[in-house]
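This is a predicted model, so every value here is computed, not measured. Scope of the values below: all heavy atoms of this structure, side chains included, with no hydrogens, waters or symmetry mates. Position 1 is the first residue of the sequence; numbering continues from there.
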Amino acid sequence: MGVKILTDKDEGISCLYCSTSGWAFGPIFYEDEDPQDFLDWLKEDPRHFTDKVLENKVYEWRKTKEVKDGNI
């Protein structure tokens, strides 16, 4: 049990959810983003963050991806 990824292939989006509580949380990830990559990058349990802090973490991850992928 823990953090899992829920994916809607028709819409091309994913989100995180807690398999213990059955609660989805955090922002939407788009089809060109890998939520598992975010979780690996974070190296912490995202359920411990407030919504605002988690939003900032995802923004930071997205910025590092842009730099890494050469999109800046």
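Put simply, the side chain of Ile13 does not reach to within 4.5 Å of the side chain of Phe29, judged on heavy atoms.
Atom NE2 of His48 and atom CG of Leu42 lie 11.0 Å apart (nearest 0.5 Å). Rounded to the nearest 0.5 angstrom, Glu31 CD and Glu11 CD are separated by 10.0 Å. In this structure, CH2 in Trp61 is found 9.0 Å from CH2 in Trp41, a value given to the nearest 0.5 Å.
By the side-chain contact (heavy atoms from CB on, under 4.5 Å) test, Cys18 is found to be paired with Thr20, Ser21, Phe25, Arg47, residues two or more places apart in sequence or in another chain being considered. For Ile5, the side-chain contact (heavy atoms from CB on, under 4.5 Å) partners at least two apart in sequence or on another chain are Thr7, Ser14, Leu16, Pro35, Gln36, Leu39.
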Would you tabulate the side-chain donor-acceptor contacts of residues 49-60 under 3.5 Å, counting partners in other chains and residues two or more places apart, or write 'none'?
from: Thr50; atom 1: OG1; to: Val53; atom 2: N; distance (Å): 3.2
from: Asn56; atom 1: ND2; to: Lys52; atom 2: O; distance (Å): 3.4

